[in-house]
Structure formats: C-alpha cells, structure tokens
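A quick write-up on the structure given underneath.
Reckoned from all heavy atoms, side chains included, excluding hydrogens, waters and symmetry mates.
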Amino acid sequence: MCRRHKSGPYGYTQAKALVYSKYGEPSDVLSLHTHSISPSLPSSAVLLRTLASPINPADINQIQGVYPAKPPFTSLLGTSTPSAVGGNEGCFEVVSVGSSINSVSKGDWVIMKNTGFGTWRTHTLAGEKDILKIDSKEGLTPLQVGTVSVNPCTAYRMLKDFEEMREGDWFIQNGANSGVGRAAIQLGRQWGLKSINIIRDRPDAAATKAMKNELLELGATTVATESELMDQGFKEQVKEWTSGGRELVKVGLNCVGGKPTSALMKCLSPSGHLITYGGMSKQPLVLPTSALIFKDIKFSGFWASRWSDAHPDDKKKTVEEVLKMTRKGTFKDIPVQELRWDWGTEESTLKEAVQGTLGGFRAGKSVFIYGDT
C-alpha cells in the first residue's frame with residue numbers, strides 16, 4: 001500500500017489536490033497536484049484534513065467555465081501554472097490550529113463558510129474566517145455533514161423565504177429525485193406541507209414505479225412523471241388532489257426549464273410563486289402573459305452560493321437545524337456513490353469519477369470519501 005509520508009524531518013504534511021489551470025471538460029483539464037504544508041501555521045490558520053467532499057453539478061460547470069462564480073487561479077499550492085482546486089462543499093476535521101485560534105480545536109468537524117474554496121483535496125490550510133464549526137459531530141457521519149450545505153440549504157430556504165407556507169399548503173417541484181428535491185420532500189413533510197413531485201420518465205415502467213415508491217416512502221404526497229405532467233388532464237388531477245383547488249399550491253420549485261416547467265407553472269394557484277434554481281434542460285423558461293396578468297404568478301431565482309456568501313449566520317443555523325433532524329432520523333441521507341480517495345489513488349481514477357457524473361440516470365450523487373491520506 002502507498003502510504004502518506006512526512007516530507008523530511010520537520011513535520012511537513014504532504015497533501016494532494018485536484019486542480020485545473022484552464023476551463024474545459026474535467027477529464028481534459030483536471031490534474032492531481034502534490035504539495036507540502038508547513039507545520040508552522042500562521043496564528044489565525046487551521047490545518048484541515050478532508051473527510052468527505054461531493055461532486056455537485058455546479059462544480060462541473062465551474063471547471064467548464066460556464067458557472068457565474070469562478071474561483072481565482074493562483075500559485076499558492078506551487079503549481080507550475082496558476083490553478084484552482086475543484087469542489088465547493090465538504091466535511092473537514094481540524095488537525096491543528098494556529099496560536100490565536102480559540103473557536104475550534106483539534107478533532108472538531110467544520111464546513112466552509114463560503115463557496116469557491118476548493119474542497120477536492122486531502123488537506124488544506126484555512127483561515128478562521130473561512131470555516132463554520134459543526135456544534136456536535138455526535139450521531140453524524142462525514143457524508144452527512146459534507147453534503148448538508150448546498151442541497152438541503154437550497155430546499156430549506158426556497159420553502160421558507162419566498163412565501164408564507166402554512167401546514168396543509170402545497171408545493172410542486174420538478175427534479176424531485178435530485179438532492180434538492182429529496183430534501184424538499186423531507187422538509188415539507190416535517191413542516192406539514194404537501195408536495196407534487198415530478199420525475200423524468202425512466203426507461204421502463206418498473207423503474208418508474210420503483211422511483212415513485214421511493215419518493216413516496218420519503219414523504220412525498222404524490223409523484224408523477226414528466227409525460228404525465230405534460231398531459232392535458234394533469235391540471236384536473238391537481239385540482240382533485242387539492243380538494244377541488246381549495247388547498248393552495250403556493251410554490252413551484254424549478255430546476256429544469258423548457259416546456260415541462262411551463263406545464264408545471266399552470267398548476268400553481270393564483271398568486272403562486274415559481275422559484276428557479278437550475279436549468280438542466282438548457283431550454284429557456286417561457287413566461288406566459290396570462291400567468292402574469294390574470295393569475296399574478298411571481299417569478300424568482302435562487303442561487304445558493306449567493307445566499308450562502310451573503311448570510312453566513314443563517315447558513316450556520318440552517319445547517320444545524322438539518323443536522324438536528326438527521327441525528328433524530330427524520331432527515332435521511334441522499335443516495336450516493338462513494339468514491340474512496342486514498343493517498344495512492346491514481347489521478348485517472350479521480351478524474352474518471354468527476355467526468356462520470358455527467359452520465360444519464362445515476363444511482364446517486366458521487367462523493368469522495370477520504371481514507372488513508
């Protein structure tokens with residue numbers, strides 16, 4: 001087995017990071033860079049060891065250069081050309097702290113306060129201002145902590161911040177099997193909300209039924225396919241579910257776009273609110289004049305990165321509330337494909353793992369789980 005070693009007698013920590021120095025497909029531009037971290041920490045710095053870091057769609061878009069937020073290319077890690085580290089989310093363990101640090105101590109778990117730090121790496125130095133301490137890691141796994149700050153926070157804020165949702169109110173969402181979708185279903189169930197959940201049609205009826213059942217067990221009120229949504233009679237079906245329309249469908253959550261979202265929009269009650277947080281179909285969102293004038297439908301966008309950077313205190317509270325549910329067993333883990341990253345893991349294996357997330361239907365979110373690093 002290839003084990004990590006100290007580079008010389010002075011206790012330097014060897015670290016590895018997946019970096020890129022230009023934009024493009026992950027398989028073309030990512031490389032595995034090895035560097036050393038001095039044991040002489042700046043007084044306001046902490047040395048972190050990564051425990052888990054997911055591969056989110058935004059991470060891929062960032063590498064491709066099509067995401068609005070782009071981390072700076074720097075030479076801080078000693079790369080031959082200025083580079084950035086991939087990844088925006090993760091769970092880290094504190095290894096050691098600088099002399100002026102008293103907010104965290106060795107063994108604590110932390111997440112990044114802001115996006116763009118770069119989380120696909122075995123170890124890193126971070127400033128005290130860069131991290132949020134997890135109040136208690138008891139009853140939690142690195143996977144749960146490492147995936148809490150993007151998808152669950154997105155679902156939480158969209159259901160809380162745009163409309164006053166009361167027990168018995170409805171929301172409708174596409175991408176219901178996504179990380180955000182699953183989080184919204186579970187949070188909605190906790191808060192007494194009812195949900196209409198749209199999924200893509202699977203290759204066969206058995207697979208579609210299995211996915212519907214999985215989301216119903218998670219707490220969905222009802223689940224329908226995209227082809228059912230597009231059917232002329234779907235609005236009548238929604239009316240039946242909502243007691244003849246007396247129960248309000250106040251919020252729609254959209255991560256798809258195109259014609260299916262136009263169909264979803266028609267299911268909203270008057271003065272409903274469509275919140276867009278993604279555009280997986282890469283098709284434009286058409287806003288009908290009648291929806292604006294006669295139904296007074298409101299349209300908003302939500303970008304988790306912007307919210308997170310602007311509201312670090314609310315992010316901390318949201319994260320802790322979701323983790324509290326997780327400890328109690330009322331908020332379940334998302335399906336994942338764990339990708340073990342040891343010191344000897346080859347660059348090609350890591351690059352393939354990132355590139356592979358661009359495939360079609362997947363068994364779950366890909367997450368780097370760090371072993372012997």
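Here CG of L187 is found 9.0 Å from OG1 of T330. Values are rounded to the nearest 0.5 Å. Going from atom CH2 of W307 over to atom OG1 of T154 covers 8.0 Å, rounded to the nearest 0.5 Å. Remark: L287 CG to L292 CG distance equals 6.0 Å, nearest 0.5 Å. Atom CG of L216 is separated from atom OG of S195 by 8.5 Å, given to the nearest 0.5 angstrom. For the atom pair SG of C255 and CD1 of I198, the computed distance is 11.5 Å after rounding to the nearest 0.5 Å. To the nearest 0.5 Å, atoms OG1 (T221) and CG (N197) are separated by 7.0 Å.
Taking every heavy atom of both residues into account, G188 and F171 meet most closely at CA-CE2, 4.2 Å. Residues G258 and S281 share a closest heavy-atom pair of N-OG, 3.9 Å. Between M112 and K315, the shortest heavy-atom distance links the atoms O-NZ, 2.9 Å. Scanning both residues, T225 and T208, for their nearest heavy atoms gives CG2-CG2, 3.4 Å. Shortest non-hydrogen contact noted between I297 and S271 is CD1-N, 4.3 Å. Of all heavy-atom pairs between L339 and A353, the closest is CD1-CB, 3.4 Å.
Annotation: side chain of P68 is in contact with side chain of W303 (closest heavy-atom distance under 4.5 Å). Contact check for T357 versus I60: side-chain heavy atoms found under the 4.5 Å cut-off. For the pair K259 and Q283, the minimum side-chain heavy-atom distance is 4.5 Å or more. The shortest distance between side-chain heavy atoms of P152 and F331 falls below 4.5 Å. A 4.5 Å side-chain heavy-atom check between E226 and N174 finds every atom pair outside the cut-off. A heavy-atom distance below 4.5 Å is not found between the side chains of Y23 and V29. Put simply, the side chain of K129 does not reach to within 4.5 Å of the side chain of S44, judged on heavy atoms. Residues S36 and T13 form no side-chain contact, since every pair of their non-hydrogen atoms from C-beta on lies 4.5 Å or further apart.
Using modelled atom types, one side-chain atom of Q355 and one backbone atom of S27 make a donor-acceptor pair closer than 3.5 Å. One N or O on the side chain of T147 and one on the backbone of L143 form a donor-acceptor pair closer than 3.5 Å. Judged by distance alone, with hydrogens and angles left aside, the side-chain atoms of H123 form no donor-acceptor pair with the main-chain N or O of L47 at under 3.5 Å. Proximity of a side-chain donor or acceptor of T276 to a complementary backbone N or O of G278 within less than 3.5 Å is not detected. Side-chain atoms of S308 never come within 3.5 Å of backbone atoms of A304 as a donor-acceptor pair (strictly under, hydrogens ignored). Between the side chain of D130 and the backbone N or O of G127 there is at least one donor-acceptor pair closer than 3.5 Å. Checking side-chain atoms of N254 against main-chain N and O of G257 turns up a donor-acceptor pair under 3.5 Å. Side chain of T326 to main chain of V322: a donor-acceptor pair is present (N/O by atom type, distance under 3.5 Å, no hydrogens or angles).
A cation-pi arrangement is present between K16 and W343, with the terminal nitrogen or guanidinium carbon under 6.0 Å from the aromatic centre and inside a 45° cone about the axis.
Under a hydrophobic clustering in which Ile, Leu, Val, Met, Phe, Trp and Tyr are joined whenever their side-chain heavy atoms come within less than 4.5 Å, directly or via other members, L51 and V94 fall into different clusters. Linking ILVMFWY side-chain heavy atoms closer than 4.5 Å, directly or via other members, places I101 and V95 in two distinct hydrophobic clusters. One hydrophobic cluster, built from ILVMFWY side chains closer than 4.5 Å, holds both L264 and L285. Taken together through direct or relayed side-chain contacts under 4.5 Å among Ile, Leu, Val, Met, Phe, Trp and Tyr, Y12 and L48 form parts of separate hydrophobic clusters.
At a threshold of 4.0 Å, the pair K212-E228 counts as salt-bridged, since one of the basic side-chain nitrogens sits closer than that to a carboxylate oxygen. For the pair E214 and R182, the salt-bridge criterion is met [side-chain N within less than 4.0 Å of a carboxylate O]. With respect to K351 and E347, a salt bridge is recorded, a charged nitrogen being found less than 4.0 Å from a carboxylate O. The existence of a salt bridge linking D108 and K133 is confirmed by a sub-4.0 Å separation between a basic side-chain nitrogen and an acidic carboxylate oxygen. Here R340 pairs with D342 in a salt bridge; the nearest charged N to carboxylate O distance falls below 4.0 Å.
Each side-chain hydrogen bond (donor to acceptor under 3.5 Å, both in side chains) pair with one or both residues in residues 47-58, not counting sequence neighbours, appears once here: R49-T373, S53-Y370, N56-E89, N56-K365. Sorted by first and then second residue, the pairs that involve residues 260-280 and meet ring pair (Phe, Tyr, Trp, His ring centres under 6.0 Å), not counting sequence neighbours, are F162-H273.
Side-chain contact, N88 with T115: no donor N or O sits under 3.5 Å from an acceptor N or O. No hydrogens or angles considered: nothing links the side chains of Q62 and D59 as a donor-acceptor pair under 3.5 Å.
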**OP:** With side-chain contact (heavy atoms from CB on, under 4.5 Å) as the test, would you mind laying out the steps for K298 and E163 before giving the verdict?
**Re:** CA-CA 10 Å; K298 298 180 284 294; E163 293 294 328; 2.9 Å; yes
Original post:
Checking side-chain contact (heavy atoms from CB on, under 4.5 Å) for the pair L350/L30: CA distance, chi angles, key distance, verdict?
Top reply: CA-CA 9 Å; L350 300 174; L30 284 176; over 6 Å; no
**OP:** Check the pair F73, V19 against side-chain contact (heavy atoms from CB on, under 4.5 Å), reporting the backbone distance first and the verdict last.
**Re:** CA-CA 10 Å; F73 290 162; V19 303; over 6 Å; no
Subject >> Intermediate values then yes/no, side-chain contact (heavy atoms from CB on, under 4.5 Å), K332 and L218 >> reply: CA-CA 8 Å; K332 294 183 172 23; L218 207 57; 4.2 Å; yes
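More than 12 heavy-atom neighbours from other residues, nucleotides or ligands sit within 6.0 angstrom of NZ on K316. Within a 6.0 Å sphere centred on NZ of K70, other residues, nucleotides and ligands contribute more than 12 heavy atoms. Within a 6.0 Å radius of CZ in R327, other residues, nucleotides and ligands contribute more than 12 heavy atoms.
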Please tabulate, for side-chain N and O atoms in residues 242-252, each donor-acceptor pair with protein atoms closer than 3.5 Å (sequence neighbours left out).
from	atom 1	to	atom 2	distance (Å)
T242	OG1	V238	O	2.9
T242	OG1	K239	O	3.3
T242	OG1	G245	N	3.4
S243	OG	E247	OE2	3.1
R246	NE	S243	O	3.4
R246	NH1	S243	O	3.2
R246	NH2	S243	O	3.3
E247	OE1	W170	NE1	2.7
E247	OE1	K194	NZ	3.2
K250	NZ	E164	O	2.8
K250	NZ	D169	OD2	3.0

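The aromatic rings of F368 and W120 lie perpendicular to each other, with more than 60° between the two planes, well past the 30° mark.
With sequence neighbours excluded, the residues satisfying side chain to side chain donor-acceptor pair (under 3.5 Å) with T124 are R121. For R189, there are no salt bridge (Lys or Arg N to Asp or Glu O under 4.0 Å) partners at least two apart in sequence or on another chain. In this structure S269 satisfies the side chain to side chain donor-acceptor pair (under 3.5 Å) test with no other residue, sequence neighbours excluded.
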